[in-house]
Amino acid sequence: MAAPSDEEGAVGPRCHHRSTAMLDVPFLPFCAFLGTLGLLCVAMVGTWCQHWRGGFSLDGSSRTFNWHPVLMVTGLVVLYGAAALVYRIPNTWSGPKLPWKVLHGSLALGAFVLTVLGLAAVFCFHNSQGTPNMYSLHSWMGLGTVLLFSCQWAAGFGAFLLPWAPTWLRALYKPIHVFFGSTILMLSVASCMSGINEKLFFSLKNGTMEYKLLPAEAVFANTLGLLILIFGVLVVAALARPSWKRPDSDSPDSRQ
């Protein structure tokens with residue numbers, strides 16, 4: 001059998017390049033879509049708690065609990081996802097990294113504060129109602145995610161923002177920081193989805209509103225869970241996309 005000519009052999013790479021180009025999505029439109037999706041998740045969890053769960057208060061009742069899903073979705077998923085994507089913005093690829101480090105750390109810190117407030121809301125509700133704490137898989141997963149998040153933030157602050165951290169330590173810790181960043185986001189998504197499901201099982205019990213009958217609240221909350229999952233998957237996909245990663249540089253500015 002005759003060997004393929006150079007022209008025939010080049011057809012494969014050219015077709016592959018064209019198919020890759022067709023699948024290529026500009027970062028900024030993708031980021032705008034992701035931001036819209038994140039805001040939709042926040043709006044939907046707020047609507048769920050306001051319309052079906054009775055609204056919000058600080059009196060220790062179930063309306064105090066309603067702060068928990070809103071703050072966890074806003075902080076642990078949406079704001080955390082925004083913090084993770086800071087270094088994918090093309091404007092961060094040149095010039096000093098310090099302002100972007102501060103922005104990344106500040107967004108993550110804001111997400112952590114909202115998450116702690118969300119935990120305080122659920123513990124306040126449980127304690128006022130005499131409900132045991134930390135007995136479900138959702139609670140174990142959620143608290144473990146928050147503890148891992150706190151360690152991630154503290155380690156990142158010490159390695160990348162404090163001026164006396166040696167270069168070799170930053171280079172050694174960077175892939176670990178990136179890995180656990182994606183891991184924490186997916187754990188956050190899993191915790192939110194399990195929490196939504198758990199709340200529906202606890203709340204929809206009477207004969208006309210049973211969860212298995214799929215009332216309007218169940219459809220709405222399940223849709224919210226799917227949108228949270230899509231948001232998390234898209235953020236992780238953006239973090240893994242090689243063409244959207246900040247190019248490595250040995251310049252003094254990039255090592256700042």
Side-chain angles (χ1 to χ4, degrees), residues 31 34-50 53 56 64-88 103-126 133-157 176-200 220-240:
C31 195
L34 203 55
T36 302
L37 181 58
L39 292 176
L40 179 60
C41 291
V42 173
M44 287 186 66
V45 70
T47 301
W48 177 35
C49 293
Q50 180 66 45
R53 297 291 99 217
F56 305 90
T64 299
F65 172 85
N66 289 341
W67 287 108
H68 175 67
V70 171
L71 291 173
M72 301 308 268
V73 171
T74 304
L76 206 54
V77 176
V78 177
L79 199 56
Y80 185 88
L85 290 176
V86 163
Y87 289 117
R88 298 303 185 267
L103 177 61
H104 174 73
S106 299
L107 288 173
L109 181 60
F112 182 73
V113 170
L114 293 181
T115 300
V116 171
L117 293 175
L119 287 179
V122 70
F123 280 118
C124 178
F125 167 70
H126 283 174
N133 292 303
M134 304 304 301
Y135 65 89
S136 66
L137 176 60
H138 164 68
S139 62
W140 294 0
M141 186 186 306
L143 186 60
T145 303
V146 175
L147 292 175
L148 188 59
F149 183 11
S150 63
C151 294
Q152 169 88 340
W153 192 92
F157 180 82
I176 300 174
H177 186 76
V178 171
F179 169 78
F180 277 104
S182 298
T183 300
I184 291 169
L185 178 62
M186 295 315 297
L187 287 174
S188 302
V189 169
S191 298
C192 288
M193 294 180 67
S194 63
I196 291 170
N197 206 36
E198 183 179 284
K199 183 62 176 177
L200 290 175
F220 188 89
N222 286 344
T223 302
L224 167 63
L226 288 177
L227 291 179
I228 291 173
L229 176 62
I230 293 171
F231 179 87
V233 169
L234 290 178
V235 172
V236 172
L239 294 175

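In this chain, numbering begins with 1 at the start of the sequence shown.
In this structure, OG1 on T223 lies 11.0 Å from CD1 on I228, to the nearest 0.5 angstrom. Distance check, rounded to the nearest 0.5 Å: CD1 of I184 to CD of Q152 gives 4.0 Å. Rounded to the nearest 0.5 angstrom, C192 SG and L187 CG are separated by 11.0 Å. With rounding to the nearest 0.5 Å, the separation of CG in L114 from CH2 in W67 is 11.0 Å. We find the OH-CG distance between Y87 and L103 to be 8.5 Å, quoted to the nearest 0.5 Å. Residue H138 holds its NE2 atom at 10.5 Å from CG of N197, rounded to the nearest 0.5 Å.
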Kindly indicate, with the supporting measurements, whether the criterion side chain to side chain contact (heavy atoms under 4.5 Å, CB included) is fulfilled by H68 and F123. CA-CA 9 Å; H68 175 67; F123 280 118; over 6 Å; no
I would like to know whether F220 and T47 meet side chain to side chain contact (heavy atoms under 4.5 Å, CB included); could you show each step before the answer? CA-CA 10 Å; F220 188 89; T47 301; 4.0 Å; yes
The test is side chain to side chain contact (heavy atoms under 4.5 Å, CB included); show your working for L143 and L119 and say whether it passes. CA-CA 8 Å; L143 186 60; L119 287 179; 4.3 Å; yes
Determine whether L200 and N222 satisfy the following criterion, side chain to side chain contact (heavy atoms under 4.5 Å, CB included), listing intermediate values before the conclusion. CA-CA 9 Å; L200 290 175; N222 286 344; 3.6 Å; yes
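Within the 3.5 Å criterion, the main-chain N or O of F179 finds no donor-acceptor partner in the side chain of S182. Judged purely by atom type and a 3.5 angstrom limit, N66 uses its side chain to pair as donor or acceptor with the backbone of R53.
Considering all non-hydrogen atoms of both residues, W140 and M134 come closest at NE1-O, 3.1 Å. Here the shortest heavy-atom pairing between C41 and L224 reads O-CD1, 3.5 Å. Annotation for L107 and A83: closest pair CB-CB, 3.6 Å, computed over non-hydrogen atoms. The minimum heavy-atom distance between V189 and G232, with the atom names listed, is CG2-CA, 3.9 Å. The minimum heavy-atom distance between F56 and C49, with the atom names listed, is CZ-CB, 3.6 Å.
Using bins of under 30°, 30° to 60° and over 60° for the plane-to-plane angle, the ring pair Y135/H126 lands in the tilted bin. Note: H104 and H177 have perpendicular aromatic rings, judged against thresholds of 30 and 60 degrees for the angle between ring planes.
Side-chain atoms of L40 and L227, non-hydrogen and from C-beta on, do get closer than 4.5 Å to each other. When side chains are defined from C-beta on, E198 counts as touching S136, because their heavy atoms get closer than 4.5 Å.
With sequence neighbours left out, the salt bridge (charged side-chain N to carboxylate O under 4.0 Å, His left out) criterion links R88 to no other residue.
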Without placing hydrogens or testing angles, list every side-chain donor-acceptor pair under 3.5 Å for residues 70-82, not counting sequence neighbours.
{"residue": "T74", "atom": "OG1", "partner": "V70", "partner atom": "O", "Å": "2.7"}
{"residue": "Y80", "atom": "OH", "partner": "G181", "partner atom": "O", "Å": "3.0"}

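Between W153 and F112, the ring centre distance reaches or exceeds 6.0 Å.
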